Structure formats: structure tokens, C-alpha cells
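Everything numeric in this text was worked out from a predicted model, so none of it was measured.
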Amino acid sequence: MEKYARQYLSEGVKNGDDIAVNMDAEIIRALNLHYNRNNHLEQIPEHFRYVVEQTMKEFFKAIQEQKDTEQSWKKAIYKVIARLDETVPEYFKSPTFLEQLE
């Protein structure tokens, strides 16, 4: 996230509200590759895209305001992300979850 937020700044983006993440964005692809390596989930939930976009905006704003020079600057961002969390669906908790996908 931090890398992508810095990239937006280097590209001249001035306002975090101008950042829009769509399902074809490289950050979505990178996160999907990392967390969904075997493509167990065929479709990425729309809420995931929304959370990524909001997180990107928070990182962008913090870096733009030079809060990244502070020791625990990411803590405030993590609090914002935590408020966006949704309840984990019950089927994810099943010990046979991966088998159900095959």
C-alpha cells in the first residue's frame, strides 16, 4: 500500500479523493496473488476493492502530510482499516472449506 501511495504522489496526484481503485488495478491483482494464490476464491468481493481504495487514500494522505516520519505513523491507518472490517462468513471457518471449493 505504502509503495502505491508513494507512486501516486510521485505521479503528481494532489488530492487523495482523486484516487480510485477498480477491480483491474495492479494493487488488487498484487493483493489477490498474495492472499488468494491458488485462486480458491474466483470472484473478489466488491467490499475488498472498497477497503483497498480507502486504505490507499489513508496511506496517501499520511505520506502527503509527512506523518511517515513519525515512529508509529501506520497505527492510525490500521484503525481506519479495522472499522471497515466485515464479519468473516461462517463457511470460511469450516475445516472443509478448501475441499468445498474443489
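Using a 4.5 Å cut-off between side-chain heavy atoms of Ile, Leu, Val, Met, Phe, Trp and Tyr, with links allowed through other members, Tyr35 and Ile28 fall into the same hydrophobic cluster. Hydrophobic clustering, with ILVMFWY side chains joined whenever heavy atoms are under 4.5 angstrom apart, keeps Val80 apart from Val21.
For the pair Phe60 and Val13, the tightest heavy-atom approach, listed with the atom from each and the gap, is CZ-O, 3.3 Å. The two residues Ala30 and Tyr4 make their nearest non-hydrogen contact at CB-OH, 3.9 Å. Closest approach of Ala5 to Phe59, counting heavy atoms only: CB-CB, 3.7 Å. The shortest non-hydrogen separation linking Leu84 to Gln54 is CD1-CB, 3.7 Å. Contact between Met56 and Ile19 at its shortest, heavy atoms only, is CG-CG2, 3.8 Å. Minimum interatomic distance between Arg6 and Asp68 (heavy atoms only, all atoms of both residues): NH2-OD2, 2.7 Å.
Note: Lys3 NZ to Glu26 CD = 6.0 Å, rounded to the nearest 0.5 Å. Put simply, CZ on Phe48 and CE on Met23 are 8.5 Å apart, with the number rounded to the nearest 0.5 Å. We find the CD-CD distance between Glu65 and Glu70 to be 10.0 Å, quoted to the nearest 0.5 Å. Separating the CZ atom in Arg49 from the CD1 atom in Ile44 is a distance of 11.5 Å, to the nearest 0.5 Å. Note: Asn36 CG to Gln43 CD = 12.0 Å, rounded to the nearest 0.5 Å. Separating the OG1 atom in Thr55 from the CD atom in Glu53 is a distance of 10.0 Å, to the nearest 0.5 Å.
A heavy-atom distance below 4.5 Å is found between the side chains of Glu2 and Ile63. Between Met1 and Val52, the closest side-chain pair of non-hydrogen atoms falls below 4.5 Å.
Residue pairs meeting the side chain to side chain donor-acceptor pair (under 3.5 Å) criterion with at least one partner in residues 9-24, sequence neighbours excluded, are Gln7-Glu11. For residues 11-32, no residue pair satisfies the ring-ring contact (aromatic ring centres under 6.0 Å, His included) rule, not counting sequence neighbours.
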